[in-house]
Engineer: 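Supplied in structure tokens, the structure appears directly below.
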Amino acid sequence: MAKPELSARTVLEPLSFFNLSDHSRAQVTSLAIYTVSDSQCLIYIGTQFGALFLFSVNPGNPNDETRSDRSNSPSVLQNISLLRKVVVGNSSVESIQVFGDIGKLLVLLGGFLFTVDSLLLQPVKRLSFLRGISVITRRLRSSESECSNLSALSNSSEYTSTSQRFLQKLGSGIRANGLKMKETVQQRVDNHVFSVVIGKRLVLIELVLINRVGKSDQDIDDGSFVILKEIQCIDGVMAMVWLNDSIIVSTVNGYSLFSCVTGQSGVIFSLPDGSGLPRLKLLCKEWNLLLLVDNVGIIANAHGQPVGGSLVFHSKPDSIGEISSYVVVARDGKLELYHKKTGTCIQMVTFGGEGVGGPCVVADEEDRTGNLVVVATPTKVVCFRKLPSEEQIKDLLRKKNFKEAISLVEELESEGELSKDMLSFVHAQVGFLLLFDLHFEEAVNHFLQSEAMQPSEVFPFIMRDPNRWSLLVPRNRYWGLHPPPAPLEDVVDDGLLAIQRAIFLRKAGVETVVDDAFLLNPPSRDNLLESAIKSITRYLEVSREKELTPSVKEGVDTLLMYLYRALNNVYNMEKLASSANSCVVEELETLLDDSGHLRTLAFLYASKGMSSKALGIWRVLARHYSSGLWKDPVMESGPQDGGTNIVSGKETAAAEASKLLEESSDPGLVLQHLGWVADINQVFAVQVLTSEKRVNQLPPDEVIAAIDPKKVEIFQRYLQWLIEDQESYDSQFHTLYALSLAKSAIEAFQSEIASQNLDPGRTEETNISDHRTSLIFQSPVRERLQIFLEASDLYDPEEVLDLIEGSELWSEKAILYKKLGQEALVLQILALLLDMYLDPQDGKEPMFKAAVRLLHNHGESLDPLQVLERLSPDMPLQLASETILRMLRARLHHYRQGRIVHNLSRALDTDASLAILEEKSRHVQINDESLCDSCHARLGTKLFAMYPDDTVVCYKCFRRQGESTSVTGRNFKQDVLVKPGWLVTR
């Protein structure tokens with residue numbers, strides 16, 4: 001079978017030591033302890049020749065300076081004292097049962113049971129009615145709900161005869177010492193119950209306390225013993241445990257279970273031949289049992305069912321104890337501590353020295369919270385105290401066993417011995433220890449698992465004190481296991497010095513706690529410093545997502561920028577500066593300016609609302625960017641599509657500046673920087689002027705005055721935005737826009753003519769508009785001009801006409817003459833144009849395509865017959881057929897539309913006449929009961945009037961109301977009453 005693992009944890013420390021050889025030559029055979037208070041614990045030791053010793057020990061915390069190696073320094077352990085000694089008999093003391101709450105001991109010696117007070121002050125008394133006892137144990141309860149009340153059961157008829165026989169043996173009113181007491185009261189306390197094995201009988205006995213009449217409940221005298229029940233047992237019982245209603249016994253054949261209520265029994269399991277003697281131990285922490293054979297133990301519950309894995313000890317133990325989550329076994333002067341869940345050997349302590357000379361005995365407090373265990377050899381007694389959890393953790397941390405320390409804390413937290421806050425505390429402590437050991441990545445991993453650690457605790461590692469955030473750093477050095485915080489450069493230098501020192505000591509044969517990996521391959525300073533900065537950066541990046549106070553947020557973001565700059569991580573610097581952040585500008589201005597990270601500084605200014613300073617930097621960058629190219633880090637980090645994405649540095653500066661200007665409502669600031677942005681990219685300038693992001697729009701007059709006259713497209717796009725998007729009805733803006741478009745159209749037309757003269761082959765391609773577009777406009781300028789001239793009625797057509805009068809913009813002239821109401825001139829212009837296209841002079845070829853376009857756009861205004869007469873016989877029919885058909889369809893459509901409108905008008909007129917006739921021919925019946933809706937007088941034979949809303953009034957009220965306003969107050973001239981006519985009904 002596999003041997004258990006051995007851990008390096010220290011759970012038990014020696015507390016007290018006593019050498020029995022100075023007081024008795026007899027060997028220790030039994031042991032029991034009882035905790036009176038936090039400062040006193042009583043230890044009972046039974047010897048080979050029937051002596052009973054009483055010791056007192058203080059289980060309190062020993063001094064830290066005397067904690068180490070106590071088992072080797074008995075002179076230091078002086079907090080144990082021998083109170084007294086009594087002789088019970090002349091044979092070996094087999095068992096000691098302590099009823100500490102009532103101050104009683106039961107001692108098994110030579111098959112008899114003896115009773116004595118817990119301080120050994122009264123004479124020892126033997127219970128003569130019980131003989132031949134081989135095993136004794138007292139009943140322990142896990143909870144009241146799990147236990148039956150045996151005292152109540154003993155009052156039933158089934159048990160009456162047994163109790164009466166026993167009381168008759170003692171005599172009514174006879175106490176255990178045989179003295180008579182006339183006035184007594186029996187107090188039955190079911191907690192004071194124990195069982196003994198006599199041959200094949202299992203006897204359940206209760207200790208009944210007796211209080212003197214007139215005395216308080218605390219004045220307890222000796223008690224009587226009442227046999228509650230006898231159960232048929234099995235022969236050869238060697239050990240016994242009574243938990244709740246289950247009594248488990250062990251024999252050489254195996255383990256059996258008896259019910260103290262029903263008396264029924266069952267076999268838990270049998271042992272094969274050749275097995276060692278079975279042992280039993282009650283584990284009070286979980287209220288389980290340890291069934292032990294040889295060096296293997298199985299944990300079972302009160303019903304004998306296994307509840308955990310097996311425990312494998314290094315050797316067959318002499319005795320077994322329990323403390324907290326551990327099982328204590330002793331043999332050959334060694335004490336071993338095993339974890340109950342994992343089976344790992346946690347600690348091994350040698351206490352007996354050479355030549356122990358007999359078996360060891362272990363006793364515990366049989367308490368779920370007990371922290372004391374006593375182990376005795378034949379000649380001496382050693383008390384061990386469980387180290388406080390914090391001390392165990394500290395010990396592991398001092399030994400650099402960080403993983404085991406965390407495992408211990410998690411184990412203690414799951415068992416409820418430590419809080420979750422302590423787990424966070426230890427993670428932080430481990431992180432600092434790892435950091436000073438130069439394991440920066442692992443250190444930050446523990447920092448991130450600590451919910452209690454504050455981000456400000458790492459500030460001193462980044463910026464030297466004193467600084468803006470010095471007072472935010474908690475002055476908590478945890479357990480003082482690591483040096484005080486220092487800048488990372490100092491931490492790395494000190495760590496490297498320690499590595500060099502350790503290498504020297506290792507050569508001299510001295511062991512050190514420095515990591516072997518560092519000793520075999522010493523790291524470089526640069527690599528360590530880079531790792532440290534990256535790790536602390538990672539911690540601060542995660543900390544940004546937490547809820548922090550404003551001052552701590554400022555420290556986190558500002559120092560994070562410091563670290564990014566130290567790593568020259570431009571991408572993250574700009575990402576942090578351009579996002580919502582809590583950086584302190586004053587702390588970073590000089591740093592970023594001196595290091596040349598002006599883009600980051602510009603982003604930082606912008607994020608803090610300091611747009612003027614940010615724009616100033618972008619302007620400087622745009623001015624100083626040479627014709628060389630700048631690689632955008634955003635593009636570099638993104639997906640590549642065949643090559644490095646490279647953009648112009650000037651374009652980037654203008655783009656970032658335009659983002660700020662788009663949101664600014666300050667006309668002076670916007671117009672100050674508009675010029676240089678427009679010089680680099682006119683699209684950006686247009687976006688700035690037409691932005692909807694700003695709260696208040698810029699004054700149009702100031703913007704128009706500030707636009708460079710050479711930037712015609714910016715001027716036109718801004719006026720277009722004012723007119724179309726902002727719905728401006730200012731005739732000045734409309735006229736300026738029309739004039740600017742007209743001027744551009746003339747220039748474009750002249751340019752087109754000039755290009756045709758250079759390339760005569762393009763004559764056929766001449767049309768009424770140029771095809772040149774720009775990044776700002778997606779349509780040619782003449783197309784935009786014609787659309788605007790048609791759509792707007794607010795510009796001055798005469799002023800525009802004066803501008804284009806001498807040009808060849810005949811379509812535009814036609815539109816303007818139409819606006820001026822000169823339709824005849826419009827038709828003449830269209831006809832002239834058509835004639836020019838179809839019958840050009842100077843021997844030029846007809847421009848059929850241009851003619852078709854003219855007909856397509858304005859054909860509806862021309863007479864189809866005249867157009868057909870004008871067309872040349874040489875013109876391909878397929879070019880003009882579709883346009884001519886469109887003209888004919890349009891004429892037919894207009895004719896039919898006119899007929900429909902004419903007929904609808906006649907129908908409406910007829911419907912109105914019919915409605916008037918119906919209103920005038922309506923009949924109203926008046927009787928003697930009819931009343932005026934206004935004055936409520938009886939109408940009788942009076943004259944009356946009726947309004948369109950069917951209200952009836954007398955003539956007098958009608959004269960007063962008038963014919964257009966009824967009693968309801970409705971004025972029919974202002975609020976016309978429409979009733980469905982025959983046309984609507986149909």
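Fair warning: this is a prediction, and the values are worked out from it, not measured in the lab. Along the sequence shown, the residues carry numbers beginning at 1. Scope of the values below: all heavy atoms of this structure, side chains included, with no hydrogens, waters or symmetry mates.
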Engineer: Are side-chain N/O atoms of Asn581 and Lys608 paired as donor and acceptor at under 3.5 Å?
Structural biologist: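 Judged by distance alone, the side chains do pair up.
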
Engineer: Do NZ/NE/NH1/NH2 and the carboxylate oxygens of Glu391 and Lys394 come within less than 4.0 Å?
Structural biologist: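 Salt bridge between Glu391 and Lys394, a charged N being under 4.0 Å from a carboxylate O: yes.
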
Engineer: Gln697 side chain to Thr690 main-chain N or O, any donor-acceptor pair under 3.5 Å?
Structural biologist: no

Engineer: Under 6.0 Å between ring centres, would you say that holds for Phe447 and Phe432?
Structural biologist: yes

Engineer: Less than 6.0 angstrom separating the ring centers of Phe425 and Trp479, yes or no?
Structural biologist: yes

Engineer: With distance as the sole test, does Ser665 use its side chain to make a donor-acceptor pair with the main-chain N or O of Asn696 at under 3.5 Å?
Structural biologist: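 Answer holds: yes.
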
Engineer: Is the Phe384 ring parallel, tilted or perpendicular to the Phe351 ring (thresholds 30°, 60°)?
Structural biologist: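 Answer is perpendicular, since the angle exceeds 60°.
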
Engineer: Just by distance, no angles: are the side chains of Gln429 and His446 close enough, under 3.5 Å, to form a donor-acceptor pair?
Structural biologist: no

Engineer: Would you say that more than 12 heavy atoms from the other residues, nucleotides or ligands in this model lie under 6.0 Å from the CG of Asp38, or not?
Structural biologist: no

Engineer: Got a donor-acceptor contact below 3.5 angstrom from the Asn681 side chain to the Val683 backbone?
Structural biologist: yes

Engineer: Quick one: list whatever passes salt bridge (Lys or Arg N to Asp or Glu O under 4.0 Å) with Asp679, sequence neighbours left out.
Structural biologist: Lys711

Engineer: Distance-only, no hydrogens or angles: does the Glu457 side chain make a donor-acceptor pair with backbone N or O of Gln454 under 3.5 Å?
Structural biologist: yes

Engineer: Here's a test for you: under side chain to side chain contact (heavy atoms under 4.5 Å, CB included), which of Ile536, Thr558, Thr537 qualifies with Ile462?
Structural biologist: Ile536

Engineer: So, does Ser607 use its side chain to make a donor-acceptor pair with the main chain of Ala577 at under 3.5 Å?
Structural biologist: yes

Engineer: List in chain and number order the residues that pass salt bridge (Lys or Arg N to Asp or Glu O under 4.0 Å) with Lys534, two or more places apart in sequence or in another chain; answer none if no residue qualifies.
Structural biologist: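 Partners of Lys534 under the salt bridge (Lys or Arg N to Asp or Glu O under 4.0 Å) test: Glu530.
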
Engineer: Describe, in one word, how the ring planes of His673 and Trp676 are oriented to each other, choosing from parallel (under 30°), tilted (30 to 60°) and perpendicular (over 60°).
Structural biologist: perpendicular

Engineer: Hey, what's the ring geometry for Phe459 with Trp469, parallel, tilted or perpendicular (30° and 60° as the breaks)?
Structural biologist: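 The rings of Phe459 and Trp469 stand perpendicular, inter-plane angle above 60°.
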
Engineer: So, Arg525 and Asp493, do they make that salt bridge, N to O below 4.0 Å?
Structural biologist: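 A salt bridge links Arg525 with Asp493.
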
Engineer: Under the side chain to side chain donor-acceptor pair (under 3.5 Å) rule, collect the residues that match up with Tyr539, sequence neighbours excluded.
Structural biologist: none

Engineer: Side chains of Arg538 and Asn445: donor-acceptor distance under 3.5 Å anywhere?
Structural biologist: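 Asn445 and Arg538 do have a side-chain donor-acceptor pair below 3.5 Å.
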
